[in-house]
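Here is the structure we will look at.
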Amino acid sequence: MNNINVVFNVSKNEMFKLPDNYKTLHRKLKVNYRVENNKNEITPDVLKGVTVFVLAGPQEKFTETEFQYLKDYITEGGRLLLLLGEGGEISFNTNVNFLLEEFGMTINSDCVVRPQYYKYFHPKESLISGGIASDAMNNSLLEYSKSILTAFDFMDDKYKVEFVYPFGATMNVVHPSTVLLTTGPVVYPFNRPLAGYFQNETNGKIVAIGSGHMFQDKYISNEINMAIWDSLFSLILEDNVRFKSSDFNDLEINDYAIIPDTIYLADQPKSCLMDSLDYDIPADFKKLFDMSLYSINNDLLRDVIGTYKKLDVQYEPLKIIKPQFEIPLPPLQLAVFQPIFSDLAAPPLELFDLDEAFSSEKAQITQLTNKCLAPALENLRKETQGSTGTSAGSVDEKELGYFIQECGRILKVCQDDQRMTAKEVLNVISVKIAHYKKLDKD
């Protein structure tokens, strides 16, 4: 295994690099193979001795000479792995289809989406089931996926193998190439190729995949993406691999249908329905749209110049007049920001007696009574034990006055900011009782 040399090309500003987003893949490969990066231009000296040459998302165009070197490399038994992403050549600003077309493969400038949410939040993070084209490959992956199998038992084995295909594009695969992965019956567009495989007589191989993101550190450990990498990489390394026709019995590939640009058509002016009743619709629907309404051209310039001669007016080309703009200056305003005052701090509720603040008047008077009777009960206990002290029957005038003042405050006899003596509180209460009795006719 150590004689196998895997080279990742980085001379075309590749999107997927080993030290950036392929760290997990790099750790896996360097255990059994020699993994290197190529920063130079692709030449026969660079490709010499390379077992697998990887183009992981090139973002620059190849020259015709470089393509010829790659073709010679494949003809002589070399193995090429090509990875791209959504948008195809247009988004990546590359021309890899020029190479793939000769082997029956092209990567489309589209993207694969899943219309319903399942496991992954972004629609382009498509979870595909039933996308393994070969039955033999599907059976080997099914054994691997039993530990993470989430599909129902009554489903066909073909749909129990699930892999995530993020931010990828579809492909066109025709003979002599073979389809390896498809979008399946759930992901848009339905049943379209995602990966193609080519092999010649000298065991030269090409494996092209429309999404290099599926082997990124973020996704390679999800579902069975790691097992798919192992299967594809072993397929590249093995010699004399020939698929049987029976492996693709259930393979269904839909035609690549291109729909009209509905956004552009919706912006065009449409005639009234009543006006179109007596109108013959032409076979070419493009004649229904008048594209000359908004055109700017010089079709009438000859007629305008001829009018000068008919009127005996000397024709002079228009001169550009330098415009003079008088713009009043806006009023000056100081570039000062208004001060931002900090909000008041929250009230320290731990300093308030909430029971006292929210309890009823009856409960407050009860608490006050118990508070004032506590010293008298203590004196009574001491007298019972034979200790000297104030008699239980004696009453402290200060405590009695405090009791009356607090009762007046609780009953709101006086205002909060008004301080009344005990006698004044008793006077106010006595006056109110007298007035109350006067109203009683009985």
Side-chain angles (χ1 to χ4, degrees), residues 16 21-25 28-29 54 56-57 81-86 105 107-108 110-153 155-171 173 178-197 207-236 243 247-248 250-254:
F16 311 108
N21 40 28
Y22 271 16
K23 295 179 181 178
T24 305
L25 190 61
K28 183 179 180 61
L29 288 175
V54 183
L81 175 60
L82 176 61
L83 306 171
L84 218 59
E86 63 169 324
M105 294 181 287
I107 299 177
N108 299 317
D110 58 5
C111 63
V112 176
V113 296
R114 183 177 178 115
Q116 299 88 9
Y117 161 71
Y118 181 56
K119 286 191 178 182
Y120 298 93
F121 294 100
H122 200 287
K124 293 182 181 179
E125 296 175 333
S126 305
L127 185 68
I128 299 177
S129 59
I132 308 300
S134 172
D135 291 341
M137 185 177 176
N138 186 83
N139 294 334
S140 63
L141 294 174
L142 183 62
E143 294 296 329
Y144 177 84
S145 62
K146 283 184 178 179
S147 58
I148 58 171
L149 193 61
T150 58
F152 298 102
D153 293 337
M155 294 178 62
D156 190 3
D157 290 344
K158 181 178 180 180
Y159 300 102
K160 291 182 180 179
V161 178
E162 297 177 342
F163 63 93
V164 58
Y165 189 81
F167 307 101
T170 62
M171 295 182 59
V173 180
T178 307
V179 178
L180 295 179
L181 303 176
T182 66
T183 57
V186 178
V187 177
Y188 286 160
F190 300 137
N191 298 317
R192 290 298 303 164
L194 300 178
Y197 171 74
V207 173
I209 304 175
S211 172
H213 296 275
M214 66 184 300
F215 303 124
Q216 275 186 320
D217 299 333
K218 183 178 179 181
Y219 300 103
I220 192 170
S221 300
N222 296 0
E223 311 307 328
I224 61 165
N225 283 25
M226 183 66 79
I228 290 179
W229 168 263
D230 294 338
S231 299
L232 294 177
F233 202 71
S234 61
L235 182 65
I236 295 175
F243 287 103
D247 290 339
F248 303 96
D250 298 334
L251 181 60
E252 181 180 357
I253 300 297
N254 293 350

Looking only at atom types and distance, does a side-chain atom of [X] sit under 3.5 Å from a main-chain N or O of [Y], one as donor and one as acceptor?
X: Thr183; Y: Pro189; value: yes
X: Thr182; Y: Asn191; value: no
X: Asn21; Y: Phe16; value: no

Rounded to the nearest 0.5 Å, what separation is found between the [atom1] atom of [X] and the [atom2] atom of [Y]?
X: His213; Y: Glu86; atom1: NE2; atom2: CD; answer: 6.5 Å
X: Thr24; Y: Gln216; atom1: OG1; atom2: CD; answer: 10.5 Å
X: Leu181; Y: Met214; atom1: CG; atom2: CE; answer: 6.0 Å
X: Leu180; Y: Ile228; atom1: CG; atom2: CD1; answer: 10.5 Å
X: Glu223; Y: Tyr120; atom1: CD; atom2: OH; answer: 4.0 Å
X: Ser211; Y: Ile128; atom1: OG; atom2: CD1; answer: 9.0 Å

If you look at every heavy atom in [X] and [Y], which pair is closest and at what distance?
X: Ile209; Y: Ile107; result: O-CD1, 4.3 Å
X: Lys124; Y: Cys111; result: CE-SG, 4.0 Å
X: Ala169; Y: Gly85; result: CB-O, 3.5 Å
X: Val112; Y: Ser126; result: O-OG, 3.3 Å
X: Val173; Y: Gly196; result: CG2-CA, 4.1 Å
X: Ile132; Y: Val161; result: CG1-CG1, 4.0 Å

Give the intermediate values and the outcome of side chain to side chain contact (heavy atoms under 4.5 Å, CB included) for residues Tyr22 and Leu83. CA-CA 13 Å; Tyr22 271 16; Leu83 306 171; 3.5 Å; yes
Any Lys218 side-chain heavy atom under 4.5 Å of Glu125 side chain: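 Lys218 vs Glu125: side chains touch.
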Got Leu29 and Trp229 here, is their nearest side-chain heavy-atom distance under 4.5 Å?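 Touching, per the 4.5 Å side-chain cut-off.
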Can you list the steps and then say if Val186 with Gln116 is a side chain to side chain contact (heavy atoms under 4.5 Å, CB included)? CA-CA 9 Å; Val186 178; Gln116 299 88 9; 4.2 Å; yes
Passing candidate, side-chain contact (heavy atoms from CB on, under 4.5 Å) with Leu127, options Tyr165, Tyr118, Tyr117: Tyr118
